[in-house]
Amino acid sequence: MTLAFSLPFSRLLSGIALVLGLSLAARPAAQAQPADSSLTVGSKKFTENVILGWMAVDVMQARGFEVAHRSQLGGSRFLWDALVRGDIDVYPEYTGTLIQEILAESGGTRSTLADTLARYGVAMTEPLGFNNTYAIGVRADLADSLDLRTIGDLRRHPELQLGFSNEFMDRSDGWPGLQDAYNLPQDARGVDHDLGYRGLVNGSLDAIDLYSTDAEIEQYDIRVLEDNRDYFGTYEAILLYRTDLPAAAEAGLQQLEGRFSEQTMQGLNARAKIDQVDEPVVAANYLNEALNLEATAETPSRMERVGVRTEEHLVLVGLSLGLAILLGIPLGILAAKSRIVGPGVLLVVGIIYTIPSLALLAVMVPPLGVGQLPAVLALFLYSLLPIVWNTYTGLNDLSRPLVESAEALGLSAASKLVRVEIPLAARSILAGVKIAAVINIGTATLGALIGAGGYGQPILTGIRRANLGLILEGTVPAAVLTILVLALLEILERTLLPRSMRT
Amino acid sequence: MITLTGVSKHYGDTVAVDDVDLTVEAGQTTVLIGPSGSGKSTLLRLMNGLITPTAGAVTFDGTPVEQASTHALRHRMGYVIQEGGLFPHLTGRSNAALLARHLGWPDDRVDARIAELTDLVQLPPNRLEQYPSELSGGQRQRVSLMRALMLDPDVLLLDEPLGALDPMIRADLQDDLRSIFRDLGKTVVLVTHDIGEAGYFGDAVALLRRGRIVQRGSMHALVHAPSSPFVEDFIQAQRAPLEHLEE
Ligand SMILES: Nc1ncnc2c1ncn2[C@@H]1O[C@H](COP(=O)(O)OP(=O)(O)O)[C@@H](O)[C@H]1O
Ligand SMILES: [Mg+2]
């Protein structure tokens, strides 16, 4: 339903974007909607994939391409779809994930993988060199005290708390299959991959899923349980790219083939996660050493980063909120005036609002791709409810004598609306706009999940790297922006409303 | 000028107006009086077409109100409700000028008419730029009257225009209103529940009870020849406090 509803709006949206002179294509490079001549790398939302993504950027840049990186976009399926759709040109993937999960219906094997990919217009490099398979980990002290050595040993302790990353919970090669294969009695909880480590360390979780190249295995003294039934397959890292990728860029990617042992990768992950070195720097340093590439990572200062994020966030909030005001107030008027359409309008915006914001964002991606456009549209839909409902309530709650006086004057319906009803409902309408603004600015941080950038970007990175500084780099400006926008609306209210209508 | 024939208005089980015949003569002040809930306001709303009768017919100048163009009809009838019904977001001047502006009057014509009316209703001109919440009750009613008179309508419908005012201010405004009605020769329908006011304004008075007219005529007739014990009681009830003091 939401989809059918959203599509006509998208055309309107682009129209308004043009009118406002804020062409989405004219974004700066970091999160840019790439121009045709440039390439885009995507990466999943975990550190190793982000580092590999930056390396793909570097090797192609070294060959003269203009390359953007939409980092930490989401899970495998999300990136695969983006690649097939052409939103991105390259992303790091793992053979096991392709065979077990993404191409499971095609029933392919490792030997036929390249052919299967070709049917989707996708090609892959030779393996980068390391196998990053899933593994189940427990704290070393717990493993010792309960004598846990294999995954099967978990059967003896049904009381153990299992927490698995959300992707692992759902994948056919993840928890459901594992539970069957080992006959495990526990129920597992879904948690964010990075929060899982913290849960394990603080004791709220006893066993979590890991990637075998995770830096934390050593850092937190985690024991990897033996997969003695050979449940987990092989997950060789490769780079996937579209077959229409220019040959020179492809050659660049091929430079990375066979370059990484498991130890190398664990070391690079540790540089980023434990030493808190930014991924672009980790990637560039390694390439300089290993390939003599002379790649230089751009390391913008904190102020520069906040500046770019602010610009992105303002585009998201400004466009979506502007559009919600432009459409929400007329819809609210319609709801108040039409007995036939009115209840329908209220119901539809109400239902949209009950869709979790994450789901709404995700639903926008198939028709619109990743980037700012789907995020603007989702935020717009999300901001409608307070504006529509407050306009409706404001108009419906006008005092009877005033409505009667206006009625008895003999004004036209339009004149009555413009000269009397809307001014009288203005405070309620503006309150709706304020609520929408606050919701919008907060929700816009989720836009980073679909490549829209904004303050959500450092928050995502910060959560992933357990870096409070980065999390604050997103949350503090978002709070400041909220305060500024509310102040602006307050000033607007003061200038718009006559003195008799202010509190 | 306004004729009601066999008019009833029902709200569900409530009978607000019950089979009323009433003629409002041009140039006269007709007073509708009666206890609260007797149907006075409902009668006014029937006259300017804010509501339509459940049964019977209302005509204005011979044309059934239902068939008349509502806007044109209302431009010929000024309407003032008890609390004035002034719009709180507009100054006194803008309230009064609202309808003229909607009709596209040029500024100088609007200003001239406002000046004329300010003088007529004796509003201190500096009050024009105040918002209703900044005006006294009496001043608010004067502005309401200006708004109702802006297009120089044939008829004024006033629903308890003095009901919310202090006695002193009320007496003042009563005097002013009566001279305005006289000078302008308007057809006025005035609603009140106050006997004194009815007698003061009314060329013709109709006393209502439970949606019906129980007696009509001059105030003198009502006082000296009440048609029923109810009329006598209604009049007596308002006289009693003063008589008590006279003893
Ligand atoms: N819109 C309405 N809906 C329901 N009942 C109404 C409505 N308007 C008036 N009434 C009822 O009709 C009766 C007459 O009301 P009204 O004309 O306002 O009386 P008055 O003005 O004499 O006090 C009252 O009982 C009142 O409750
Ligand atoms: Mg009344």
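The figures here come from the full heavy-atom set of this structure, side chains too, leaving out hydrogens, waters and symmetry mates.
- When the shell of 6.0 Å around CZ of R494(A) is examined, it contains 12 or fewer heavy atoms from other residues, nucleotides or ligands.
- The closest side-chain heavy-atom distance from E407(A) to R74(B) is below 4.5 Å.
- Atom CD1 of I81(B) and atom CG of L402(A) lie 7.0 Å apart (nearest 0.5 Å).
- If you measure heavy-atom distances from S133(B) to chain A, the contacts under 4.5 Å come from the side chain alone.
- Looking at S399(A), neither its backbone nor its side chain comes within 4.5 Å of chain B, counting heavy atoms on both sides.
- No more than 12 heavy atoms of other residues, nucleotides or ligands lie within 6.0 Å of CZ in R210(B), so this atom counts as exposed by the packing criterion.
- Minimum interatomic distance between N48(B) and A408(A) (heavy atoms only, all atoms of both residues): ND2-CB, 3.9 Å.
- Under the 4.5 Å side-chain criterion, counting only non-hydrogen atoms from C-beta, S415(A) is in contact with H102(B).
- Distance check, rounded to the nearest 0.5 Å: CZ of R419(A) to CZ of R101(B) gives 8.5 Å.
- Contacts between Q82(B) and chain A at a heavy-atom distance below 4.5 Å are absent for every atom of the residue.
- To the nearest 0.5 Å, the span separating CG on L86(B) from OG on S500(A) amounts to 11.0 Å.
- Using a 4.5 Å heavy-atom threshold, the side chains of E404(A) and Y79(B) count as touching.
- Rounded to the nearest 0.5 Å, atoms CG (L424(A)) and CG (L90(B)) are 8.0 Å apart.
- The heavy-atom pair separating Y131(B) from P498(A) by the smallest distance is OH-CB, 3.1 Å.
- Counting non-hydrogen atoms of other residues, nucleotides and ligands closer than 6.0 Å to OH of Y392(A) gives a total of 12 or fewer.
- Ranked by non-hydrogen atom pairs under 4.5 Å with chain A, the options Q130(B), E134(B), M150(B), E83(B) are led by E134(B).
- Listed here is the closest heavy atom pair of P423(A) and H89(B): CB-CD2, 3.3 Å.
- Taken to the nearest 0.5 Å, the CE atom of M77(B) stands 14.0 Å off from the CG atom of L409(A).
- Contacts of A406(A) with chain B are made by both backbone and side-chain atoms, with heavy-atom separations under 4.5 Å.
- Most heavy-atom pairs under 4.5 Å with chain A: of the set L151(B), L98(B), T91(B), V80(B), this distinction falls to L98(B).
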